[in-house]
Structures are given as C-alpha cells and as structure tokens.
Amino acid sequence: MKTLLHNAKVWLSGNLFCDAIGFDSETGKIIFTGTETEAKKIKSGYDEIADLKKKLIIPAFADGHCHLIKGSYVNSQLDLRNARTKSDFENSINKYKNTISGGWISGGNFSESNFKEKFYPDRKFLDSICPDIPVIISRFDMHSAFANTKALELSEILNSDEFTTEEIIKDSNDIATGELKERAREFILSRIPPASLDQRTAIANDEIKKMNSQGITSISDITLYEDLEIYKELIAQNKLSLRVDARLPFTEFYDLKKYQKEFADLTDLIKFNSLKAFYDGSLSSKTALMHTDYKNAKHNGIKTEFVNSGGFEKLAHEIDEAGFQMSVHAIGDKAVTDLLDLNVELIKKNGQRDRRFRIEHAQHIRENDFIRFKDLNVIASVQPSHLFSDAKTASEILEDPSIEHNYKKLFDIGAKVCFGTDFPVVSESPFETIYFAMTRQANGFENGFMTENNISLTDCLEAYTINNAYATFDEKQRGSFKAGKIADIAVLEQDLFELSGEEIKDVKVLETYFGGKKIFDGR
C-alpha cells in the first residue's frame, strides 16, 4: 500500500524541511519527498492519503547503544531508579518481595546522586529487610552492586580466591560489606536461576513495543550469546519490529560468521558486523581509567582483566584484520586516549580503511584528543541522559569535573557523534536524551552543568538518526528522508522546533512506521 502524508512539517536535515512524504509498504521504501504543491499533483497514485495538519515528521530514532534483551528483563525486576531515602529502599523492596514467590530479588538501578540522606545499602541493611531471600541490587551504571548475606552464601563467592579486594569490598575488619564491583557482581548475577525462554521472549516483546511507541525502529544492541535464542523466538513469532545491529563480545569473533549465516536464513532485520569489549569500568565506582588520580585517592581507575591479560589487544588486531567493526567501552579520558592510540596502531599494521571504530560512552575527553576523533574517523557513541547523575559524581570525585560529558566539541569540529541511552541504565526515551543534551540539567545543578556544552536540537536529531545510521554503515539505507531509503518514520504530537529543551522531554509520538507499515498508533 502506498501512503502519502501531506500538509506536514517533514524534517530533512539541519534547518531544511519539506511538506510531504510518500512511501510504499510493499517495498518498505520512501518514494517521494516534496512540497504541498508537488504532493497534490501525485496524490492520485496513492492508496492512503493523510492530512497531518502541520505535524512534525522525522526519521524514526535509532538507539545507538542499548541492552535490549538484558534491559527488558532488568526492567521487569525491582526498580529503585527514583529511590532517594532509606525508606524508599525499604518500601520498594518490601513491596516487590510481596509480588514474588521465592527466588531471588535483583534489579535496582539506583543512583547515590539521587539520595537525600546519607545511608549505605550494604549487606546489613539488606539483611534487615530480607534475611531469608537472596538480594542483589545494582547501581544504575551496571558495574557495581550490593548483596545481602543470603546471596553471598548461595553464590559461594566468598569461598573463591579469583576476585580482588577492588571487586569484593571489605571493611576494616576484613569482612565483606556486600558491595561488589565488575566481575564479582557478574559472578553473583550468573548464579540467579534464569527465567524461561517464553517468559524472557514475552518481556522482550513488551519492550520492543514500548520502543516503537517512542519512535524507535533501530538499535545498536550490546548482545550476549544467550540473547540469540530470544531473537530467534521473536523472529519466529514475527515480533521483531526493530532493525538490530548486534554487537557480540570480542570473544565471539571466531563464531561471528556462523551467526551471520544462521540469522541470514531467518531475517534481514538483524546483522552481525561488529564486536564489543570493555576497556575500563565506570565513574561512580571509580573504575573509569583517568589520566589523573581520583580526588583524595591514590589510584586512577582500572583496565579490565581482558585488557590486562593481553586478550583485548590480540583480538582487536585480528578483528580489524578480518574487516569487522569494533565498539569499545571507555568511560575515562585515559581509556579514550588509549583507544585512539590503538587506532593509530591498527592503521600502521592493517592499512587505512573505513573502520568507523566506535568508542562507547567517551564520557571524558582530554583537549588533545578531540581532533584525533575526526582525523582517525573514530565515532563517539554517547549517552547524554547519564549526565543527570554523573555531574554530581564528577564534582565529588574528579579534580577537573569540567571534562564530564564534554563531547559538544566533537560536534563543533565535525567529528561523528551518535546518541544512545545504554538502556536499562536510563530510560529508553529519545526525548529524555535530547532534553539532557540540550539543557545539561543534572542533580544538584539548578541551572544546568557546564552549559557551554549544551547541544543544539538539530545536532541532537542528526546524532539520533543519520549519525546512528552512519555508525552502523547504514547511512545509504536509512536515517534520513530520501527516495529509495527505508521508510522508518515517526510522526510527533508536538513540534520539537517550537519547544524549549525542558518541554521536549515530555513529547509524545503519534505514529511510527516501520518499513512503511504502521506499527504504532498513539491516537
């Protein structure tokens, strides 16, 4: 069916607009963009014609960094995102406890930057609420957590000698506080009995529908091997209404072609052309690798065990030689510098080519490194919504908090920046992301944090659409409106260009089209 949306405000790029867009659900492609006068001349060739009454139409959003399967499951667990007091924790945990019958309590996603009073959600605190149920609650950054005694005992983590004192935190009496970082957190989470395949598929499907309702039709997904069976189920049930750029761990490199072939026989909606690794940790846990020591500390963060072992560098060279793309987590400015240096090494060894190497987060960038992003064609894949809590944390633990989320300079020099959320660390809402990018509102900063780094609306939209398409080598297929490109389209209830940054966070989607087919109708 051919559809013509006219009398609209169709955003093309920058400050360029047209009045109408036409597309074909059979081919899934855009066939027309133009003026209202031009639309009237061709409307007889369309099966469905809709007067949009000046509504804003934009290319559907792509989330440049999310954890779809894992995130949807986390979202079904205990939610402490808005917890601000000790009572909030107690009430939320008790309420959630009453909804389950046995098993573990996990989830959380709390942030100390939200706290209105000082308290430590350690094992003693959690034991006072749940002495007989294993509990592990994670910080929002997904790099650290707190567990109660029951969880520590059932997991037998304290009997293991493979973890460092930086991973299992102990008090002055050498007793575990329940605070766990990086591998220790993952170890306990791995001991939780998984939900059934049907349950996890249903949860993922609900999240996909929610993303569609927010105008999202594409994602760069930080994919785990165990996620693949859920994707297969979604495909079999014809419920995958997202284009998925799957980024498996580096360690899956030797099996990547197998996954490519396996899924090519099932769908063209998921592809495997990139691999993901962690170079350092997170800011809030002081494991992000910085050039200088943390305030009042004698350390500057960590490199992951994968990096320290030499495994990362070995695989990075093999992956690059094979022609695949890489996405590497780097929060600290030293981690960013190291990865830019790695790109220089790759060019020397394997030659100049269109790598589009991605640094995921690029949360702190030192002055000398900005131009290197552009010169090396390295993409900064950033998440502006993290600023809400990171600003306060940076002010407390960094000697120079001005480097926090300072990637506005990359836009200014013409380097490539793409936007994502890191869902479920924060909401999957693109409007919330744009709000934080435009206003830099943050907890504890009434007028915004370092607002000289505010990003314009047009830069935000391009980072969420065409730049995200570029970051996955798809700019010729999607991300902007042009005849022959995929008709992934979002119709908004309000005009972003007529709103303040503050107002944008509450914008709603009226309709979402996926390959020319309407998959969400908010009327």
Side-chain angles (χ1 to χ4, degrees), residues 62-81 96 103-111 136-145 147 180-211 214 216 218-235 239-240 242-252 259 263 270 272 274-278 281-282 285 304 306 327-329 331 360-361 381 383 385-386 420-429:
D63 191 318
H65 182 120
C66 70
H67 305 254
L68 174 63
I69 306 300
K70 181 179 180 181
S72 60
Y73 187 65
V74 167
N75 257 17
S76 71
Q77 299 172 316
L78 173 67
D79 184 2
L80 295 170
R81 286 185 179 91
Y96 185 81
W104 287 60
I105 293 177
S106 60
N109 302 321
F110 70 92
S111 172
I136 177 170
I137 56 171
S138 295
R139 285 189 173 97
F140 82 102
D141 62 12
M142 300 294 177
H143 287 265
S144 56
L180 309 159
K181 296 185 178 182
E182 307 298 348
R183 293 186 308 147
R185 170 183 172 272
E186 293 295 333
F187 179 88
I188 288 193
L189 290 176
S190 71
R191 297 306 190 265
I192 301 176
S196 70
L197 178 59
D198 286 345
Q199 288 173 319
R200 288 180 291 148
T201 301
I203 290 169
N205 181 50
D206 287 344
E207 179 56 38
I208 290 171
K209 289 179 180 178
K210 185 177 180 183
M211 286 185 167
Q214 295 173 331
I216 302 168
S218 300
I219 60 172
S220 281
D221 182 47
I222 311 305
T223 310
L224 301 175
Y225 172 77
E226 54 265 31
D227 298 342
L228 299 183
E229 63 176 354
I230 299 174
Y231 276 120
K232 288 178 183 177
E233 280 296 306
L234 290 167
I235 293 165
K239 292 179 178 178
L240 185 60
L242 287 173
R243 304 183 197 283
V244 180
D245 166 50
R247 294 171 181 265
L248 285 160
F250 268 34
T251 48
E252 297 291 339
Y259 302 137
F263 276 82
I270 183 168
F272 301 88
S274 184
L275 294 137
K276 163 85 181 331
F278 287 87
S282 69
S285 61
T304 63
F306 184 44
S327 297
V328 185
H329 166 116
I331 299 285
E360 303 297 323
H361 310 303
S381 172
Q383 299 79 38
S385 293
H386 290 201
T421 59
D422 205 11
F423 167 81
V425 174
V426 297
S427 162
E428 63 281 268
S429 168

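The analysis underlying the following values was restricted to heavy atoms, covering all of them including side chains, and did not include hydrogens, waters or symmetry mates. Note that this is a predicted model, so its numbers are computed, not measured.
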Give a yes or no on whether a salt bridge exists between Glu233 and Arg200, defined as a side-chain N under 4.0 angstrom from a carboxylate O. no

What I want to find out is whether Asp245 reaches Arg247 closely enough, with some N-O distance under 4.0 Å, to be called a salt bridge. yes

Closest approach of [X] to [Y] (non-hydrogen atoms, all atoms of both residues):
X      : Y      : answer
Ile270 : Phe263 : CG2-CD2, 3.5 Å
Gly281 : Ile331 : O-CG1, 3.1 Å
His386 : Val425 : NE2-CG1, 3.8 Å
Arg185 : Leu180 : N-CB, 3.9 Å
Lys239 : Ile208 : O-CD1, 4.0 Å
Pro249 : Thr223 : CD-O, 3.3 Å

Over 60° means perpendicular and under 30° means parallel, so tell me whether His143 and Phe278 are parallel, tilted or perpendicular. perpendicular

Kindly indicate whether the side chain of [X], heavy atoms from C-beta on, has any atom under 4.5 Å from the side chain of [Y].
X      : Y      : answer
Ser285 : Glu182 : yes
Met142 : His67  : no
Tyr231 : Asp221 : yes
Trp104 : Ile188 : yes
Phe272 : Leu228 : yes
Leu242 : Leu234 : no

How many angstroms lie between [atom1] in [X] and [atom2] in [Y], if you round to the nearest 0.5 Å?
X      : Y      : atom1 : atom2 : result
Ile105 : Ile136 : CD1   : CD1   : 12.5 Å
Asp206 : Lys209 : CG    : NZ    : 6.0 Å
Ser111 : Leu80  : OG    : CG    : 11.5 Å
Met211 : Ser218 : CE    : OG    : 11.0 Å
Ser138 : Asn109 : OG    : CG    : 6.5 Å
Leu240 : Lys232 : CG    : NZ    : 14.0 Å

Counterpart residues, ring pair (Phe, Tyr, Trp, His ring centres under 6.0 Å), relative to Phe250 (two or more places apart): Phe312

Return all side-chain donor-acceptor pairs below 3.5 angstrom for residues 68-78, not counting sequence neighbours, or 'none' if the list is empty.
from  : atom 1 : to     : atom 2 : distance (Å)
Ser72 : OG     : Leu68  : O      : 3.1
Ser72 : OG     : Ile69  : O      : 2.8
Asn75 : OD1    : Arg81  : NH1    : 3.3
Asn75 : OD1    : Arg81  : NH2    : 2.8
Ser76 : OG     : Tyr73  : O      : 2.5
Gln77 : NE2    : Ser106 : OG     : 2.7

Of Lys276, His329, Glu360, the one forming a side-chain hydrogen bond (donor to acceptor under 3.5 Å, both in side chains) with His65 is Glu360

What verdict does the side-chain contact (heavy atoms from CB on, under 4.5 Å) test give for Glu229 and Leu197, after you've listed the backbone C-alpha separation in whole Å, the side-chain angles of each residue and the deciding distance to 0.1 Å? CA-CA 8 Å; Glu229 63 176 354; Leu197 178 59; 3.8 Å; yes

Within the distance-only criterion (no hydrogens, no angle test), does the side chain of Asp63 pair as donor or acceptor with the backbone N or O of Ile216 below 3.5 angstrom? no

What residues form a salt bridge (charged side-chain N to carboxylate O under 4.0 Å, His left out) with Arg183, not counting sequence neighbours? Glu162, Glu167

Taking atom types as modelled, find out whether Ser196 and Asp198 have a side-chain donor-acceptor pair closer than 3.5 angstrom. no

